[in-house]
Amino acid sequence: MIPKEMQACIDACLNCYQMCFGMAMTHCLEKGGEHVKPKHFQAMIACADMCRNSTQMMLMNSPLAKQMCALCAEACEACAKECDPIPDMKECADECRRCAEECRRMSGRKMAA
């Protein structure tokens, strides 16, 4: 049985993975321009990968899961910051922030000021 707080983090990571990877591979590639600038696109893919990897670590109950979640929170925040200035990427930025919050909670770390 997966603890409730871990399940909330897994769900947030899976939602964020779906949002970032899905948006990068469809919406961003189709729109071009600022949507595919390297820093933005790399942040989205890094975020998606960290979310997927964090989910796997939690599901296998790895002793490294908390550390992975802390890194995932950083990747999610970086992605949100890259998405913020692009008007049609607000939903992605919001999903990243929700995931970052859950990952921070899972890792036991507070949000950076």
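Numbering of residues begins at 1 and proceeds along the displayed sequence. Note that this is a predicted model, so its numbers are computed, not measured.
Both M106 and L59 sit in one connected hydrophobic cluster of ILVMFWY residues. Membership requires side-chain heavy atoms under 4.5 Å apart, directly or through other members. L14 and F21 are assigned to two separate hydrophobic clusters, defined by single-linkage of ILVMFWY side chains at heavy-atom distances under 4.5 Å. Criterion: ILVMFWY side-chain heavy atoms under 4.5 Å apart, direct or through other members. Under it, L71 and M57 are part of a common hydrophobic cluster. Grouping the Ile, Leu, Val, Met, Phe, Trp and Tyr side chains by contacts below 4.5 angstrom, directly or via other members, places L29 with I45. Both Y17 and M25 sit in one connected hydrophobic cluster of ILVMFWY residues. Membership requires side-chain heavy atoms under 4.5 Å apart, directly or through other members.
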Side chains of residues 2-9: which donor-acceptor pairs under 3.5 Å do they make with residues two or more places apart or in other chains?
from, atom 1, to, atom 2, distance (Å)
Q7, NE2, D11, OD1, 2.8

N/O donor-acceptor pairs under 3.5 Å from side chains in residues 88-96, not counting sequence neighbours:
from, atom 1, to, atom 2, distance (Å)
D88, OD1, H35, NE2, 2.8
D88, OD2, H27, NE2, 2.9
D88, OD2, H35, NE2, 3.4
K90, NZ, D94, OD1, 3.3
K90, NZ, D94, OD2, 3.0
E95, OE1, R98, NH2, 2.9

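Judged by distance alone, with hydrogens and angles left aside, the side-chain atoms of S54 form no donor-acceptor pair with the main-chain N or O of C51 at under 3.5 Å. Here the side chain of R105 pairs no donor or acceptor atom with the backbone of E101 at under 3.5 angstrom.
A salt bridge is absent between R97 and E102; no separation between the charged side-chain nitrogens and carboxylate oxygens falls under 4.0 Å. D49 has a carboxylate O that lies under 4.0 Å from a charged side-chain N of R52, or vice versa, which qualifies the two as a salt bridge.
Within a 6.0 Å sphere centred on CZ of F41, other residues, nucleotides and ligands contribute more than 12 heavy atoms.
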Inset, instruction - Decide yes or no on side-chain contact (heavy atoms from CB on, under 4.5 Å) for E30 and T26, but give the supporting numbers first. - result: CA-CA 6 Å; E30 290 166 6; T26 58; 4.2 Å; yes
Legend entry - Evaluation steps, side-chain contact (heavy atoms from CB on, under 4.5 Å), between M19 and C47: CA-CA 10 Å; M19 174 66 71; C47 181; over 6 Å; no
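Taking all atoms of both residues into account, the shortest heavy-atom contact from P63 to Q67 is O-OE1, 4.2 Å. The two atoms that bring C28 and A24 nearest to each other are CB-O, 3.6 Å, heavy atoms only.
A distance of 10.5 Å separates CD1 of I10 from SG of C103, quoted to the nearest 0.5 Å. The OG1 atom of T55 lies 9.5 Å from the CG atom of N15; values are rounded to the nearest 0.5 Å. With values rounded to the nearest 0.5 angstrom, R104 atom CZ is found 15.5 Å from K66 atom NZ.
Within the structure, salt bridge (Lys or Arg N to Asp or Glu O under 4.0 Å) pairs that include any residue of residues 37-47 comprise K39-E82 (at least two apart or interchain).
Of the options C76, C83, C99, C79, a side chain to side chain contact (heavy atoms under 4.5 Å, CB included) to C20 is made by C79 and by none of the others.
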